[in-house]
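Please read the structure below before turning to the comments.
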Amino acid sequence: MSEVSKEYDFNCVEEKWVESWDPSVYHFDWQSDKPQYIIDTPPPYPTGNFHIGNALNWCYIDYVARYKRMRGYNVMFPQGWDCHGLPTEVKVEELNHITKNQVPREEFRRLCEKLTEEAIERFHQSMGRLGLSIDWSNEYVTMRPEYYVKTQTSFVRMHEMGLIYREDHPVNWCPRCGTAIAFAEVEYDSRTTTLNYMRFVSAEGEMQIATSRPELLPACVAVAVHPDDQRYQKFIGKKVRVPLFDYEVPVLADPVVDTAFGTGIVMICTFGDKQDVRWWMEHHLPLRQAIDREGRLTAVAGPYAGCSVGEAKERIIRDMQKEEIIFKQEPLEQNVGLCWRCKTAIEILSERQWFVRINPEEIKRTAEEIEWVPPHMQVRLKNWADSVEWDWCISRQRIFATPIPVWYCRSCGEVLVAKEEWLPLDPNQTRPPTKCKCGSDDFIPEKDVLDTWMDSSISALAVAGWPDRKDLRMPTQLRPQGHDIIRTWAFYTILRTKSLEGVKPWDTILINGMALGEDGHKMSKSLNNFIRPEEVFATNGADALRQWGAMGGSPGNDIMFQWKEITAASRFQQKLWSIFRFSLPLIANVEANPGQVDRWLLGELDRLVIRATKAMEAFQFDETMKAIRGFAWETLADNYIELVKARLYGPDSPEKRAAQSTLYRAIETVARLMSPFTPFISEEIFHTLTGESVHVQSWPEPGGAEVDPAGLAIKEIAAAIRRYKAEKGMALNAPLPGIVVYSELGLETFDLSGVANSTVESRAGKPDIEMKPVAVRPQIKIIGPRFKDKSGRIIKALGSMDPAWAAEQKASGSIRVDVDGVSIDLPAEAVEIEMETLSAGLAVDVLRLEGASVLVRR
RNA sequence: GGGCCCGUGGUCUAGCUGGUUAUGACAUCGCCCUUACACGGCGGGGAUCACGCGUUCGAAUCGCGUCGGGCCCA
């Protein structure tokens with residue numbers, strides 16, 4: 001390329017490289033004996049579009065992947081798609097104006113698959129444009145049989161190990177979605193409800209009970225008081241009658257009851273909340289299920305059967321008020337559990353479901369074997385593990401998910417779990433190839449499907465070759481993910497990997513923060529703070545967005561999207577481009593003997609490499625980029641290039657060749673250092689320079705160069721001369737009458753005379769200078785307040801005083817002036833003496849620096 | 001109610017295994033179109049590192065407390 005445009009055309013350059021890069025460069029080599037670096041990348045949920053949060057997440061991954069490749073690792077940067085789940089089902093229902101039960105299961109599933117394929121294609125586009133070095137030979141799609149055979153295999157194996165079982169158990173239930181959900185899928189929000197005070201009657205007298213959920217009265221199975229509560233001792237162990245529904249329940253004593261809440265008597269229902277479940281299990285209470293799967297009251301509710309929860313609540317309150325069972329109501333702030341997908345209030349129902357056994361201690365121990373970046377994120381996982389009360393409910397009453405490979409014998413009820421060799425299969429499509437133990441071959445297929453976390457929680461195993469490869473590459477090296485899914489994806493992955501293979505899933509987990517909008521809030525379309533990556537690609541390019549990802553802050557912190565960061569990134573790219581444009585016709589990759597200034601630069605370059613490497617090893621991308629920017633902009637452009645311009649423009653000489661080769665080294669090294677962050681501009685520069693791709697180069701190694709102190713001094717002197725000229729209001733290229741540099745370092749003068757546009761003499765030893773007072777400057781602030789009306793005459797007298805005499809007197813502590821024949825003594829601080837520096841009788845200015853003094857002739 | 005994180009110039013942010021003139025970006029002020037770059041150069045101003053107490057010769061950095069913000073959970 002002979003023509004280098006003045007402005008960096010990011011669009012043209014980036015699109016060119018997107019088109020022409022060879023994707024096979026990024027493929028993991030299963031045969032290689034290089035050390036492996038497998039990244040267990042997040043499989044995104046392919047719905048909607050690739051957003052800034054995804055971009056941030058993938059930028060982190062790509063920085064690491066590219067860096068590790070340059071460090072000689074056999075890197076796997078796979079790409080998965082976590083397809084299954086409710087949002088896609090809901091979207092399909094919306095788009096086709098149907099509900100899932102109006103079309104056959106298979107048809108519905110096909111519609112979901114089609115929608116997902118379209119979303120994946122959109123993601124492909126955005127990811128390609130972002131310049132990600134994804135290994136597309138290791139792509140996986142959880143909805144395809146090639147993947148869900150693994151999910152089903154893991155189900156079968158864990159079932160054989162006794163880690164998966166089916167049981168009647170209370171579960172979190174979303175009445176809108178019509179499915180059980182796991183605790184990890186429940187979120188909480190505060191709502192204002194009413195606390196109702198009700199009268200219960202027993203043989204010992206009236207009991208007053210407060211509840212926020214009177215509609216659960218027909219589900220009441222006991223009431224409880226604190227064992228030490230003196231008010232209620234007489235009731236303990238006795239029976240009390242449930243009003244309106246008229247049946248008896250026992251009165252229990254339990255220390256968990258809060259005596260200060262309501263009346264201090266609590267009604268235990270099956271089930272109002274998690275605490276009810278605990279009491280129900282502890283006290284072996286019976287089950288009265290008053291709410292069904294659609295959120296309607298059941299037969300136990302008598303006349304209220306069939307009502308929705310809301311209706312029932314209203315009617316029951318009205319009826320109890322009529323009978324004066326409710327005697328008081330007050331507002332109550334309360335946190336309610338919501339389905340995280342649709343925000344509907346969840347109910348707790350007892351259901352026969354499939355569960356995965358959770359061993360919190362084992363998960364915590366495994367988490368300790370993993371390096372957490374930043375470390376405190378491990379605490380989040382541990383806290384979650386400690387708060388888990390029930391096993392993981394993995395069955396869902398939905399369609400678009402991995403089928404549970406199980407049948408039930410119609411005649412004897414035996415559960416038949418598929419054999420591994422039958423997989424993959426959908427029990428609704430396939431009959432088992434064997435008969436039941438009882439001889440029957442009439443089976444009912446399992447209609448329930450698996451929680452999607454069952455798919456994604458084996459991602460580490462799947463990318464490492466599980467279950468087919470004999471050389472299973474476990475553990476993998478890195479799990480990058482957001483902190484929002486520590487309790488789900490990280491937790492379940494540790495659980496499943498440890499259960500299935502007995503190992504930790506990864507050596508290191510790198511947690512990134514969330515991308516926030518410019519107003520500091522979570523990006524959302526309703527807040528109007530939503531930015532799409534494509535907008536940034538169009539205005540500033542992918543490299544700029546990638547720099548934002550690196551510069552935003554240290555990993556783990558949420559980072560704000562900021563246009564000013566994008567702009568700053570673009571400016572840096574333009575700066576780099578200008579450096580390159582200037583250098584290209586002047587530099588050469590030649591053997592040369594570097595001078596002092598060259599050795600200074602090469603020393604700084606080494607320091608940069610060391611610093612960048614250290615930061616990359618610690619995943620401190622901001623630190624790395626900051627170091628690179630600082631070097632390129634200040635050290636290289638503002639100082640080195642300015643210093644060696646004269647040499648570069650001059651005729652061929654050993655000094656010129658030294659500058660040519662040093663500048664070449666610097667640019668080529670910077671391009672390599674930046675290539676994990678800004679793959680496009682780095683490639684454009686490196687490829688133009690060398691004809692090779694920067695993305696198959698190795699990471700720079702320090703060459704053992706020390707910062708040359710003479711070169712450093714020259715750089716400092718040049719800066720001092722620039723400052724001097726600026727202070728004097730001179731143009732920076734204005735010639736000076738002469739410069740003499742005194743230093744013990746034996747400074748070379750050619751770069752200094754070039755940069756100062758003046759003759760420069762270099763001498764050893766100390767400058768021979770003398771100070772000569774040249775003027776007296778009266779200090780009016782001192783004189784005025786003290787001498788009032790005499791001040792004017794004093795100042796006049798000082799003006800005519802010999803500067804040398806004034807200086808002598810000032811040194812002695814006071815200055816005597818003669819005003820109208822009267823002698824007045826002034827304090828020393830009343831005057832300042834202006835001095836001139838002379839050297840060999842000529843007036844000079846002296847610039848003092850560490851290791852050198854510079855005399856500038858005036 | 002519990003856990004975790006955060007509170008640094010106007011804004012965002014680094015540093016936080018204790019000792020630096022406290023990092024960088026954007027913004028701001030002055031000068032400069034010096035043949036790579038005005039998306040530039042040179043120079044400047046601007047932070048009692050939320051507050052209080054403590055540990056220490058020394059704290060933005062450690063401890064306790066207060067206030068404020070965020071996230072997760074009960």
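Fair warning: this is a prediction, and the values are worked out from it, not measured in the lab. Chain naming here is simple, since letters A, B, ... match the order of the sequence lines and numbering starts at 1 in each.
- The base-pairing partner of rU34(B), taking Watson-Crick or G-U wobble contacts with both distances under 3.5 Å, does not exist among the strands shown.
- Side-chain contact annotation: Lys656(A) with Gln660(A), donor-acceptor N/O pair under 3.5 Å absent.
- Of the candidate nucleotides rA14(B), rU11(B), rC39(B), rC39(B) has the atom nearest to the side chain of Gln574(A).
- In this structure, rG43(B) and rC29(B) make a Watson-Crick or G-U wobble pair, each of the two defining distances being under 3.5 angstrom.
- Between the side chains of Asn639(A) and Trp600(A), no donor N or O sits under 3.5 Å from an acceptor N or O.
- Among the atoms of the strands shown, none is found under 4.0 Å from any heavy atom of Ala719(A).
- Using a 4.0 Å heavy-atom criterion, one finds that Trp633(A) contacts the sugar-phosphate atoms exclusively.
- For a distance-only test at 3.5 Å, the side chain of Glu7(A) qualifies as a donor-acceptor partner of the base of rC39(B).
- Atoms CZ (Phe572(A)) and C1' (rC39(B)) sit 13 Å apart, rounded to a whole Å.
- In a base pair of the Watson-Crick type (N1 to N3 plus N6-O4 or O6-N4) or a G-U wobble (N1-O2 and O6-N3), with each distance short of 3.5 Å, rG68(B) is matched with rC6(B).
- rC72(B) and rG54(B): their P atoms are spaced 38 Å apart (whole Å).
- For Lys564(A), whose side chain is taken as the heavy atoms from C-beta onward, the closest listed nucleotide among rA14(B), rC26(B), rC4(B) is rC26(B).
- Picking from rC71(B), rG3(B), rA14(B) the nucleotide with the shortest atom distance to the side chain of Asp622(A) gives rA14(B).
- Rounded to whole Å, the separation between the C1' atoms of rU21(B) and rC49(B) comes to 15 Å.
- One C1' atom belongs to rG63(B), the other to rU56(B), and the distance between them is 12 Å to the nearest Å.
- Comparing rC4(B) with rG45(B), their C1' atoms are spaced 39 Å from each other, to the whole Å.
- Nucleotides rC67(B) and rA50(B) place their C1' atoms 8 Å apart, quoted to the nearest Å.
- For the pair Ser570(A) and rC39(B), the criterion of a side-chain N or O lying under 4.0 Å from OP1 or OP2 is not met.
- A centroid separation of 6.0 Å or more is found between the aromatic rings of Phe10(A) and Phe680(A).
- Trp390(A) and His169(A) have perpendicular rings, their planes meeting at more than 60° on a 0 to 90° scale where under 30° would count as parallel.
- Base pairing of rC49(B) is not made with any nucleotide, judged by Watson-Crick or G-U wobble geometry with both donor-acceptor distances under 3.5 Å.
- The CH2 atom of Trp384(A) sits 15 Å away from the C1' atom of rC4(B) (whole-angstrom rounding).
- Cation-pi geometry between Arg479(A) and Trp489(A) is met: under 6.0 angstrom from the ring centre, within 45 degrees of the axis.
- Atom C1' of rG52(B) sits at a distance of 15 Å from the matching atom of rG7(B), rounded to the whole Å.
- Separation of the C1' atoms belonging to rC32(B) and rA38(B) is 10 Å when rounded to the nearest angstrom.
- Remark: aromatic rings of Trp633(A) and Phe631(A) are distant, center separation not under 6.0 Å.
- Counting non-hydrogen atoms under 4.0 angstrom, Lys725(A) reaches nothing in the nucleic acid.
- Residue Arg571(A) places at least one side-chain N or O closer than 4.0 Å to OP1 or OP2 of rC26(B).
- Using a 4.0 Å heavy-atom cutoff across all strands shown, Glu642(A) reaches at least one base atom of the nucleic acid.
- Comparing the P positions of rC5(B) and rA14(B) gives a spacing of 15 Å, expressed to the nearest Å.
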